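Worth saying up front: this structure is predicted, and the values here are computed from it rather than measured.
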Amino acid sequence: MPSRRGVLLGALVAGVGAGLPLAAGSPAGASAGTPGGVPRRTPPVLLTEQASRRILVLDPRRRVWDVRRDPSVVRWAFSPTRHEGYEDLRPDVSWVYPNESKVRRVKGRTYVLTSASFGFVAVVGYPSGERYWGAALGPGDDLFNPHSAEILPDGNVAVACSTGALVRLYAASQGPRAARYAEAELKGAHGLHWDGVREVLWALGDDELVTYEVGGTRARPALTRRSSVGLPVGTPGKTPGGHDLFPVAGRPGRLWVTTNAAVFQYDIKSGAFVRDFAGAGEISRKSVKAVGDDPRTGQVLSTVPEAGLEETWWTTKVSVHRPRGEYELVDGGIYKARWFLPR
């Protein structure tokens, strides 16, 4: 991801606007047809699309997504520059290089969590696009570089800032503009996951995977480091470079962890990073920006940078594993891809 890059303020790619609801066939029912060898019940694909500065949910039955020629491939789209309620976050300068999107269910409601390198972070109501909570950390620069977010059962929101080397827990339950937060240092903070079984917040940094205990109150939260384990070293003398952290949907008690060198699953009970999962030989490779599995079909999604694009961390391809396949976004600049599976 960028380090003090120039602001990307070019014209947005023409296409579907913000807040478009899912077309017929919601994520829970994406089972009709298998064109291109796509397994039945394959869920839609959720993308951080940096070339057009949007979050997209795309039709999983289409192996090639050409939004200009066929806008119907887009089931939902979001950009704060096209939606009311985000003006105070200065999305014209903070919503640059969106780098995270994940879908969560809290108290019966569905949200898409997203962040962008130049300061934007928000929890967005789905499918309305309405703001549950949002903040802009140093808008217009990447001195903080929010890289992931997570919403807790009490409605508060954690944010991982890679350049800022910190994890913040905002009192987002207090309102859409709540600014109070607790803070903990974490070098290269990149990924977050709330573990409801153990009631801890997992966070992934450059060198370690840590857990935080959440204390205080909803209005005045607190973070206390509980545990830490070092990441596997890919190249002696170099930082492992932790990047993506996501629960293994088909195997509770494990977490997907990507580093600069490989993809692992972290077995929480044994405290070990393993590569004993099906398809590991194909899935585990360098520079994986996102990885996740669909427990219904067993398919795994991942993204890795593609040479020759405008930015070195972009790709137009989303890799599918088990069985092997590929999606392509024409003229895209994808950073992360995830299955649209509210959890």
Side-chain angles (χ1 to χ4, degrees), residues 15-16 19-49 54-78 101-105 108-113 126-127 244 246-256 258 263 265 276-285 288-304 315-330 332 334-343:
V16 182
L20 183 71
L22 280 177
S26 68
S31 59
T34 57
V38 177
R40 292 182 180 275
R41 293 179 59 82
T42 296
V45 181
L46 176 66
L47 299 181
T48 51
E49 210 298 282
R54 292 187 296 172
I55 303 301
L56 299 175
V57 178
L58 295 169
D59 187 345
R61 300 167 299 179
R62 307 284 288 277
R63 287 299 193 186
V64 177
W65 301 308
D66 191 336
V67 177
R68 290 183 184 275
R69 290 180 177 272
D70 184 6
S72 71
V73 300
V74 179
R75 293 188 168 189
W76 185 78
F78 173 77
S101 56
K102 60 174 72 167
V103 59
R104 293 289 185 262
R105 290 278 294 174
R109 296 186 176 183
T110 301
Y111 300 101
V112 173
L113 282 64
Y126 176 86
D244 197 32
F246 213 70
V248 179
R251 198 163 182 179
R254 287 197 174 195
L255 302 171
W256 290 104
T258 76
V263 176
Q265 287 184 359
D276 61 356
F277 49 92
E282 175 188 340
I283 297 166
S284 182
R285 56 215 196 277
V288 172
K289 301 301 184 184
V291 64
D293 61 304
D294 170 26
R296 296 176 299 187
T297 65
Q299 295 175 97
V300 175
L301 278 186
S302 67
T303 55
V304 294
T315 182
T316 61
K317 310 292 196 304
V318 177
S319 299
V320 183
H321 317 275
R322 307 184 61 233
R324 181 179 298 185
E326 185 177 77
Y327 291 107
E328 179 184 359
L329 179 63
V330 176
I334 301 167
Y335 188 59
K336 287 181 180 176
R338 305 198 187 280
W339 296 120
F340 192 99
L341 292 170
R343 52 168 294 122

Task: Val67 to Arg54 - nearest heavy-atom pair and separation - done: CG1-NH2, 4.1 Å

Open item on the list: Quick check for you: to the nearest 0.5 Å, what is the distance between Gln299 atom CD and Asp293 atom CG?
Closed with: 10.5 Å

Open item on the list: Using a 6.0 Å cut-off, check whether atom CZ of Arg109 has over 12 heavy atoms from anything other than its own residue.
Closed with: no

TODO: Rounded to the nearest 0.5 Å, what's the gap from CG on Leu47 to CG on Leu329? Could you check?
DONE: 6.5 Å

Open item on the list: Tell me the closest heavy-atom pair linking Asp294 and Pro43, and the distance in Å.
Closed with: OD2-CD, 3.2 Å

Task: Steps toward ring-ring contact (aromatic ring centres under 6.0 Å, His included) verdict (Trp256, Phe277) - done: CA-CA 10 Å; Trp256 290 104; Phe277 49 92; 5.1 Å; yes

- [ ] Taking all non-hydrogen atoms of both residues into account, name the closest pair between Arg251 and Asp276 and its distance.
- [x] NH1-OD1, 4.3 Å

TODO: Grab the two heavy atoms, one from Val74 and one from Leu56, that are nearest each other, plus how far apart they are.
DONE: CG1-CD2, 4.2 Å

Open item on the list: So, taking the atom named CD in Glu282 and the one named OG in Ser302, what distance separates them when rounded to the nearest 0.5 Å?
Closed with: 8.0 Å

Open item on the list: Could you measure the distance from the OG1 atom of Thr110 to the CZ atom of Arg105? Nearest 0.5 Å is fine.
Closed with: 3.5 Å

Open item on the list: For Arg62, is there an ion pair with Asp70 - N to carboxylate O distance below 4.0 angstrom?
Closed with: yes

Open item on the list: What verdict does the side chain to side chain contact (heavy atoms under 4.5 Å, CB included) test give for Thr315 and Lys289, after you've listed the backbone C-alpha separation in whole Å, the side-chain angles of each residue and the deciding distance to 0.1 Å?
Closed with: CA-CA 10 Å; Thr315 182; Lys289 301 301 184 184; over 6 Å; no

Open item on the list: Regarding Arg338 and Asp244, does a basic nitrogen lie under 4.0 Å from an acidic carboxylate oxygen?
Closed with: yes

